[in-house]
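Residue numbering restarts at 1 for every chain, and letters A, B, ... go by the order of the sequence lines.
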Amino acid sequence: MNEHEVRSLISQVETAVSGAIDQALPALTGADSVVRRSEHADFQSNAALALAKRARIKPADLATTVIEVLRADGNNAPVAEVSVSGPGFLNLTVADAAIWGQVAARLASPRLGIGTSEQGRRTVIDYSAPNIAKEMHVGHLRTTIIGDALARLLGFLGAEVIRQNHVGDWGTQFGMLIQYLDEHADAAWHHDQLAPGTSTVPALDGLYRAARKEFDADPTFTDRARARVVALQAGDEVTVARWRDIVTESEFAFREVYDRLGVLLEPEDSAGESFYNDRLSDVVAELTAAGIAVESDGALVVYSQEVTGPDGNPVTLMVRKKDGGYGYDTTDLATIRYRIRDLKADRLLYVVDSRQALHFRLIFEAARRAGWLTDDIDITHVAFGTVLGPDGRPFKTRSGDTVKLVDLLDAAVDKARATVAEKDHDLTNDELSQIAEQAGIGAVKYADLSTSRTKDYVFDVDRMVSFAGNTGVYLQYAHTRICSILRKADDTSAEVDPTLPLHPAERALALELDTFGEVLAEVGRLLEPHRLCGHLYELAKAFTDFYEACPVLSADAPARANRLALCHLAARTLRQGLNLLGIAAPERM
RNA sequence: GCCUCCGUAGCUCAGCGGAUAGAGCAAGUGACUUCUAAUCACUUGGCCGCAGGUUCGAGUCCUGCCGGGGGCACCA
């Protein structure tokens, strides 16, 4: 709870119905009132059907009894009408004044009356995780977009969010790259050496490929590269400086992508493999001392007590390889220990591809056995499905390469620009470009966020940028229409008169606006952003219906102000919702 | 073999035990001297993979099949 919280109507109705049930049948005190939105009234309660058996009364009779209490009770606000329907449904209608009251109260709140269901919960979110010196590709799309939406949303709900970008910034490949750069001092890859509009990571990516080629072709280079790996791990000053340079330049390039995507990640959110590097031996030592990690064929492994492989033997985590090196099993174990011990996290989220499900199951199990992870800490692998191409296979280019993230975004923005240009508008070229960018990027993000997180989905630029139906642009467009009305209304004061009757379209819109906070809390609990997308789409549809049915600017005095109030609240709610998804809400398009 | 995700309209997908299963796309008809037609209204379209079970009530929960994706130790 916070001082600005406005209780939703549905929760007020729940309280009223629960109270009536308690009073009608004290034996059932505390029973769920089962209040839902309804097609037949504002709300319905299904409690009578659920409770009839326990009460040994016919559902319809129970419903009637509850109604009598509700009608008699003077303290039944905000319910105005209630009736029995069908086998025992309670149809509940809320007073118009109560609905207007919600609109006014939410407008008066700087945060739309939304509660803080995640208040004070220290939540670490691991997402994005690109590899240094490599280009971000389609595989980074979902983790980055979903992770960022959750970071925004949980933060808004009061959680103390700590973003963690687990970048791939360590490993033998850097020895190879550093050695190659040393031997090709003329290679340009720093962002200030490159032509404007080109980025440092593609340059590094190219150099990395060249290095790999030479590594495979020239045995003497192979030896020099291996020596560099040793030097890097030993902390050789020149080598480490070069490595740091590469990391810094890559971070700079990632930031360009993040800025374009509207992602919150900053370089200081990066805690990658190198960050955990000098903690790995401690992690392994602790696991070994506890008898959790054991030796096997020269390596140190953790045998799962829960999962067996195809041969019937326990599945294992490779905690230390035979050659003494560490893999990502160890690094991920280190992240759990660090985030709990040092960051004092209450909740750990790993926004990672669902194919890693077994891996996370194993490291969570090991972290529990080690005593780092306790029952009061929530840990979740926020798994998501694969991005597929039109053929239903994981998305690749025609030549079979992975698709670069920037190419994907460019394609979406280009199509958006073409569509925007077709429309009648009085926009300057700059405005047009900006809107194409916002619409194109928004379309990609919305398409990703609006589908169930756990399912694979087919990436289809044409569909997402078609801009009709359930797309990001539909929401953005609804927002611009509201903005247009508000611009033209010279009076910005929107004093609500709660005594006015509600038009059905006003009622539907106001009720939808009132559930925004409930939806946010639910998304915070279930970590499923597509529910927010669905709600915003319903909201935009409700506004469009209102827009068609209820003239605002030409309405007479008291109604006009009430409608302006609805416009204000709808605009702010849509903007807030889009913001939590990380999608721009332009005022014109 | 085991684990896991999935199967809903021609296509892409919603639907945290409730009334007649919903959207969008596609197809067709109509609506802009009007607060932005990137919109709206109407029409067509369904053994919710199959079979049992639990329940007053199952697309939703349980079990078993069928079909598909993914995963199961020294790459991250």
- Message: Using the P atom as the point on both nucleotides, what is the distance between B:G22 and B:U4, in whole Å?
- Response: 33 Å
- Query: Of the nucleotides B:C40, B:G71, B:C74, which has the atom closest to the A:L358 side chain?
  - Reply: B:G71
- Query: Is the phosphate of B:A76, meaning OP1 or OP2, less than 4.0 Å from a side-chain N or O of A:Y328?
  - Reply: no
- Message: Below the 4.0 Å mark, does B:A19 have OP1 or OP2 next to a side-chain nitrogen or oxygen of A:S38?
- Response: no
- Check every atom of B:C56, B:A19, B:A37 against the side chain of A:N91 and return the nucleotide holding the closest atom. B:A19
- Task: Verify the stacking flag for A:F89 against B:A19: centroid separation must be under 5.5 angstrom and the ring planes must differ by under 30 degrees.
- Result: yes
- Query: How would you label the contact of A:T451 with the nucleic acid (heavy atoms, under 4.0 Å): base, sugar-phosphate, or nothing?
  - Reply: sugar-phosphate
- Message: When you measure only distances, ignoring hydrogens and angles, does the side chain of A:Q44 come within 3.5 Å of the base of B:A19 through a donor and an acceptor?
- Response: yes
- Message: Base, sugar-phosphate or nothing for A:D32? Non-hydrogen atoms, less than 4.0 Å.
- Response: nothing
- With sugar-phosphate meaning primed atoms plus P, OP1 and OP2, does A:L49 contact a base, only sugar-phosphate, or nothing at under 4.0 Å between heavy atoms? base
- Query: Expressed in whole Å, how much space separates the C1' atoms belonging to B:A23 and B:C48?
  - Reply: 16 Å
- Task: May I ask you to check whether over 12 heavy atoms, not counting those of A:R37, lie within 6.0 Å of atom CZ?
- Result: yes
- Message: So, OP1 or OP2 of B:C40: does either fall under 4.0 Å of a side-chain N or O from A:Y474?
- Response: yes
- B:U4 OP1/OP2 closer than 4.0 Å to side-chain N/O of A:H381: no
- Message: It should be established whether A:S85 places a side-chain nitrogen or oxygen under 4.0 Å from OP1 or OP2 of nucleotide B:A19.
- Response: no
- Message: Angle between ring planes, A:W170 versus A:W243, binned at 30° and 60°: parallel, tilted or perpendicular?
- Response: perpendicular
- Query: Hey, is the side chain of A:R393 poking within less than 4.0 Å of OP1 or OP2 on B:G70, counting only N and O atoms?
  - Reply: yes
- Message: Base, sugar-phosphate or nothing for A:E587? Non-hydrogen atoms, less than 4.0 Å.
- Response: base
- Task: Please determine, for B:C2, whether a Watson-Crick or G-U wobble partner exists with both distances under 3.5 Å, and give it or none.
- Result: B:G71
- Note on the structure: Of the listed B:A73, B:G18, B:C16, the closest approach to the A:T316 side chain comes from B:A73
- Using a heavy-atom cut-off of under 4.0 Å over every strand shown, decide if A:N46 touches base, sugar-phosphate, or nothing. base
- Message: Take a 6.0 Å sphere around CZ of A:R209 and say whether it holds more than 12 heavy atoms from other residues, nucleotides or ligands.
- Response: no
- Message: Applying a 4.0 Å non-hydrogen cut-off, can you work out what A:H359 is touching in the nucleic acid: base, sugar-phosphate, or nothing?
- Response: nothing
- Nucleotide opposite B:C61 in a Watson-Crick or G-U pair, distances under 3.5 Å: B:G53
- Task: Look at atom CD of A:E39 and say whether more than 12 heavy atoms of other residues, nucleotides or ligands are closer to it than 6.0 Å.
- Result: no
- Think A:R481 forms a cation-pi with A:F543, using NZ or CZ under 6.0 Å from the six-ring centre and within 45 degrees of its axis? no
- Message: Any side-chain N or O of A:K455 below 4.0 angstrom from OP1/OP2 of B:G68?
- Response: no
- Query: Contact class for A:A357 vs. all strands (heavy atom < 4.0 Å): base, sugar-phosphate, or nothing?
  - Reply: nothing
- Task: Give A:G534 one of three labels, base, sugar-phosphate or nothing, depending on what nucleic acid heavy atoms sit under 4.0 Å from its own.
- Result: nothing
- RNA chain B: A:L51 or A:S466, which has the more 5' nearest nucleotide? A:S466
- Plane angle bin for A:F275 and A:Y338 - parallel if under 30°, tilted between 30 and 60°, otherwise perpendicular: perpendicular
- A:K488 has a side chain; which of B:C35, B:C3, B:A38 sits nearest to it? B:C35
- Side-chain donor-acceptor pair under 3.5 Å between A:Q356 and A:Y328, yes or no? yes
- Paired nucleotide for B:C40 [Watson-Crick or G-U wobble; both distances under 3.5 Å]: B:G30
- Considering only atom P, compute the distance from B:G24 to B:C40 and round it to an integer number of Å. 8 Å
- Does B:U20 pair with anything, Watson-Crick or G-U wobble, both distances under 3.5 Å, and if so, with which nucleotide? none
- Look at all strands and tell whether A:G469 reaches a base, only sugar-phosphate, or nothing, counting heavy atoms closer than 4.0 Å. sugar-phosphate
- In the structure shown, which nucleotide is the Watson-Crick or G-U wobble counterpart of B:G7, with both distances under 3.5 Å? B:C66
